[in-house]
Structure formats: C-alpha cells, structure tokens
Amino acid sequence: MTDNAWTRWPSREALGREATTRPRRLLGWVTRSLVLAMLLWSAFNSSHVQGWGVLGAVAGILLSAVVAWALFRTTLAHRLWPSLTLFGVLLTIAVAARAADFGVVALVLWCGCAITALERLPIIAALPVAVVALALYAAVNDDVWLTTLVTTAGLALAGYVLRLDAEARGNAQRLLNQERAARAAEAESAALAERARIAREIHDVLAHSLSAQLVHLEAARLLIDGGADRDQILERVVAARGMARDGLAETRQALSALRGEMTPLEEFLRRLVGTADGAETTISGERRPLPAEASQAVRRVAQEALTNVRKHAPGARIRMRLEYGEEQVTLVVRDSGGSPGELTTTGGGYGLLGMRERAELLGGSLDAGPDDEGFVVTLKVPV
C-alpha cells in the first residue's frame with residue numbers, strides 16, 4: 001500500500017505510552033479498571049445466569065481483556081493482520097455475549113472496537129472494523145433510531161478525535177526526542193571542541209618551552225664539542241634551566257586560561273618582550289577584552305615568534321606591535337635580521353605551521369616571511 005493518509009499507521013510515538021503524561025496514563029488505567037469491574041459485576045449479578053454460566057461469562061470478560069492487551073501490542077508493532085484477527089475475536093466474543101443475553105458486555109465491546117480501530121489502525125483498515133462494530137451496536141440497541149444514529153456518529157467522531165490527539169502527542173514526542181538528540185550532539189561536540197582546545201594549549205606550551213630549552217642545550221653541546229670554557233657552557237645550562245622554569249609558569253598560565261583566569265593580554269606581551277634583549281612592544285587602538293581563543297592565539301604566536309628569533313637570528317632587534325581594529329586584532333612581530341645562529345637547523349619547523357592552523361580555525365590568518373630588514377610574522381584574528 002502507498003504511504004498516504006488512508007494507508008498510513010499512526011506513529012509508534014502516538015500509539016505508545018511515552019508521549020502520554022503520567023496523570024493521563026493513570027486516568028486511562030482507572031477508566032479501564034472501572035469498565036472491567038462494571039462488566040464483571042454485571043456478569044455476577046445477572047439473574048438469568050447461574051452457576052457455570054456465571055463462570056463462563058467471567059472467563060469471556062477476562063479473555064476480552066487479554067485480547068485487548070494483545071491488540072495494543074500488535075497495533076504498536078504495526079502488524080495489520082494479527083490486529084484485524086484480534087478485532088475479529090473481540091467482535092465474536094461480543095456476539096456470543098449478546099446471544100447469552102449479556103447485552104451490556106456486547107455493547108461495550110462493540111463500542112470499544114469501533115473507537116480503538118479508528119484510533120490505532122490505518123484508516124483503510126479501521127473503517128470496515130468500525131462499520132461492522134457500530135452496525136452490530138445499532139442493530140441491537142433499544143433506543144429510537146435517531147438516538148442510535150447520533151450515538152454511532154458520536155462514537156465514530158470520538159475515535160477519530162482520539163486518533164488526532166494521539167498523533168499530535170506523537171509528533172510532540174518525536175520533536176522532543178529530536179531536540180534531546182540535538183542537544184546531546186551539541187554537548188558532545190562542545191566537549192570534543194573543548195578537549196581539542198585543551199590539547200592545543202598543552203601542545204603549544206610544551207612545544208614553545210621544550211623548543212627554547214633545546215636551543216640552549218644544543219648550544220651547550222656545541223660549546224662542549226668546541227672545547228669552550230666552563231663559564232660559557234654553564235651559561236647555556238643555566239639558561240636552559242630558566243626556560244624549564246618559564247615553561248612551568250606558562251603551563252600554569254595555560255591552565256588558568258582554560259579556567260578563564262588569564263592575565264591581560266597587554267601585560268602578558270610586555271612581560272614576554274621584557275625577557276628578550278633589544279625588544280620593544282607597541283599597542284594601538286581601542287583596548288578591549290578578547291575572546292579566550294583569540295587571546296590565546298595572540299599569546300602563542302608572540303611566544304613562537306620570539307623563540308624563532310632567538311633560534312635563527314640571535315641578537316636581532318625585535319619590534320612587536322599589537323593593533324586593535326574594529327573587527328580584528330593584528331599582531332606584528334618584526335626582527336632586524338642578523339647572522340644565522342648556531343641552532344638554525346634545530347627544531348622540527350612546525351611551530352609557525354601550528355600557529356597558522358590555530359589562526360585559520362578562528363577564521364584568521366598568519367603570514368610569515370622575510371622583509372627588507374629581517375623576518376616578520378603577522379597574525380590577524382577576527383574578534
């Protein structure tokens with residue numbers, strides 16, 4: 001059958017209990033229990049049935065309850081033919097109850113079958129079941145024909161209204177589930193992004209600190225190989241120790257930054273420039289707080305640029321400029337150039353590449369290359 005309004009099943013969310021509130025489920029159980037109790041009471045108090053007949057009537061009512069429960073399961077699973085078979089069983093039990101002069105039981109079963117079919121079956125299958133059930137009800141009802149007609153029409157309308165209500169609740173539940181899934185995916189994505197940010201911060205701190213230590217340790221090795229005196233070698237070792245101490249301090253700063261406890265960017269750059277001889281810093285533009293990622297990018301690029309100057313052009317004069325623009329912040333680190341240092345070939349050469357990737361992740365850019373004097377690194381980050 002094609003998927004249209006006539007052949008489409010109500011959604012499983014509409015047929016299940018998940019979309020139903022707890023008070024509504026409780027009301028449903030109370031109603032069904034009262035109906036079952038009423039039918040059992042009528043069976044026990046029938047004056048025309050005694051002994052085994054009463055037990056047979058009670059057994060028929062309990063069988064109807066079991067079949068109704070099974071019908072709930074088969075319609076929930078969208079199994080058409082088992083569901084139609086169970087409706088047939090219920091209609092047959094109602095006919096038998098009517099033949100045994102249990103008119104109330106028969107009427108309740110026929111009305112229940114009509115309403116349930118319209119609520120839980122595809123329309124093309126629900127209509128024949130409802131027509132048969134309501135026709136049997138109308139045939140044995142003792143009311144005048146107009147009352148019977150109005151009652152059957154009301155029952156059919158009630159079944160269809162219940163169907164629409166169930167579909168509305170099912171759609172709401174489906175949207176709620178989608179929203180929960182979207183929120184879970186968003187939370188997972190945020191957690192992955194945060195882990196990636198932490199990994200970048202730790203990597204950048206370690207790369208800068210260890211690279212600086214490697215500069216001095218490699219210099220100490222070259223001095224030892226060249227037979228330099230003890231004071232020169234000791235100077236390099238002490239410098240390496242200082243870099244290790246600075247690396248620990250930077251690690252603490254990175255952890256503070258991850259907790260949102262960063263020192264002001266201007267103060268950080270002044271301290272950083274203060275550790276390098278012949279370096280100066282200039283800050284222009286309207287100063288304002290930057291997003292954490294943008295601030296960290298500026299800090300890491302400044303550190304990497306100074307490390308590269310120490311490595312590739314020791315003794316060069318360094319000019320650092322931070323400019324606040326309307327839509328971006330720009331960091332320019334320029335050195336005056338100089339003779340290549342002893343450690344030009346040390347290191348993996350991935351520092352600026354990592355900084356460029358960090359800038360691009362933020363929608364910015366990083367350019368690095370020689371100019372008329374020496375080497376210049378330019379970082380632009382949108383804010």
*asked:* Could you work out, with side chain to side chain contact (heavy atoms under 4.5 Å, CB included) as the rule, every residue matching V140, not counting sequence neighbours?
replied: R98, L107, W110
*Nearest-0.5 Å distance, CD of residue E323 to OG of residue S284*: 4.5 Å
*Would you say I233 and R230 make side-chain contact, with heavy atoms under 4.5 Å?*
no
*asked:* Could you report the tightest heavy-atom contact between A117 and A126, atom names first, then the distance?
replied: O-CB, 3.0 Å
*asked:* To check you understand the geometry: which heavy-atom pair defines the closest contact between A133 and C113, and what is its length?
replied: CB-CB, 4.2 Å
*Distance from E119 atom CD to D165 atom CG, nearest 0.5 Å?*
8.5 Å
*Do the side chain of R319 and the main chain of V332 share a donor and acceptor less than 3.5 angstrom apart?*
no
*Can we say R183 and E186 salt-bridge, meaning some charged N sits less than 4.0 Å from an Asp/Glu carboxylate O?*
no
*Considering only heavy atoms from C-beta outward, does the side chain of L379 approach that of V381 to under 4.5 Å?*
yes
*How many angstroms lie between atom CG of L175 and atom CD of Q178, to the nearest 0.5 angstrom?*
5.5 Å
_Gap separating the CG atom of L223 from the CD atom of E218, nearest 0.5 angstrom_ = 10.5 Å
_Smallest separation among heavy atoms of L118 and A156, with atom names_ = CD1-O, 3.3 Å
*Without swapping roles, check the side chain of D229 against the backbone of Q232 for a donor-acceptor pair under 3.5 Å.*
yes
_When you group the ILVMFWY residues by side-chain heavy-atom contacts below 4.5 Å and let the links chain together, are L331 and F268 in the same group?_
yes
*Got a second to check how far T281's OG1 is from R271's CZ, nearest 0.5 Å?*
14.0 Å
*Looking only at heavy atoms, which two atoms of A316 and D335 are closest? And how far apart?*
CB-CB, 4.2 Å
*Give the C-alpha distance, both sets of side-chain angles, the deciding distance and a yes or no for side chain to side chain contact (heavy atoms under 4.5 Å, CB included) between V301 and V333.*
CA-CA 9 Å; V301 169; V333 182; 5.6 Å; no
*Report whether I283 and L306 are members of the same hydrophobic cluster (ILVMFWY, side-chain heavy atoms less than 4.5 Å apart, transitive linking).*
yes
_Which atom of Y324 lies closest to which atom of R288, heavy atoms considered_ = CE2-O, 3.6 Å
*Is V95 linked to Y137 within one hydrophobic cluster, defined over Ile, Leu, Val, Met, Phe, Trp and Tyr using a side-chain heavy-atom separation of less than 4.5 Å?*
yes
*Give a yes or no on whether a salt bridge exists between E266 and R270, defined as a side-chain N under 4.0 angstrom from a carboxylate O.*
no
*Atom OG1 of T378 and atom CZ of R334: how far apart are they, to the nearest 0.5 Å?*
7.0 Å
*Going through the distances and angles, do L322 and V329 end up as a side chain to side chain contact (heavy atoms under 4.5 Å, CB included)?*
CA-CA 7 Å; L322 178 66; V329 62; 3.5 Å; yes
*Could you tell me which non-hydrogen atom of R236 sits nearest to which non-hydrogen atom of A219, and how far apart they are?*
NE-CB, 3.5 Å
*S11 side chain reached by E167 side chain, heavy atoms, under 4.5 Å*: yes
*Does atom CZ of R221 have more than 12 heavy-atom neighbours from other groups under 6.0 Å away?*
yes
Show me, pair by pair, the donor-acceptor contacts under 3.5 angstrom made by side chains of residues 75-88, not counting sequence neighbours?
unit_1	atom_1	unit_2	atom_2	d
T75	OG1	L71	O	2.8
T75	OG1	F72	O	3.1
T75	OG1	R120	NE	2.8
T75	OG1	R120	NH2	3.1
H78	NE2	P10	O	2.8
S83	OG	T74	OG1	3.0
S83	OG	R79	O	2.6
T85	OG1	W81	O	2.9

*Are any non-hydrogen side-chain atoms of L265 and L269 less than 4.5 angstrom apart?*
yes
*Does atom CD of Q328 have more than 12 heavy-atom neighbours, drawn from other residues, nucleotides or ligands, at distances under 6.0 Å?*
yes
*Does CD in E188 sit with more than 12 non-hydrogen atoms of other residues, nucleotides or ligands closer than 6.0 Å?*
no
*Find out whether I115 and L155 are in side-chain contact, i.e. whether some heavy atom of one side chain is under 4.5 Å from a heavy atom of the other.*
yes
*Carefully, step by step, assess E280 and R317 under the rule side chain to side chain contact (heavy atoms under 4.5 Å, CB included).*
CA-CA 8 Å; E280 62 182 27; R317 183 177 179 82; 3.0 Å; yes
*Would a hydrophobic clustering, with Ile, Leu, Val, Met, Phe, Trp and Tyr connected at side-chain separations under 4.5 Å, put L63 with L90?*
yes
*According to a 4.5 Å side-chain heavy-atom criterion applied to Ile, Leu, Val, Met, Phe, Trp and Tyr, with indirect links allowed, do W6 and Y160 form part of one hydrophobic cluster?*
yes
*Who else is in V238's hydrophobic cluster (ILVMFWY, side-chain heavy atoms under 4.5 Å, direct or via others)?*
L234
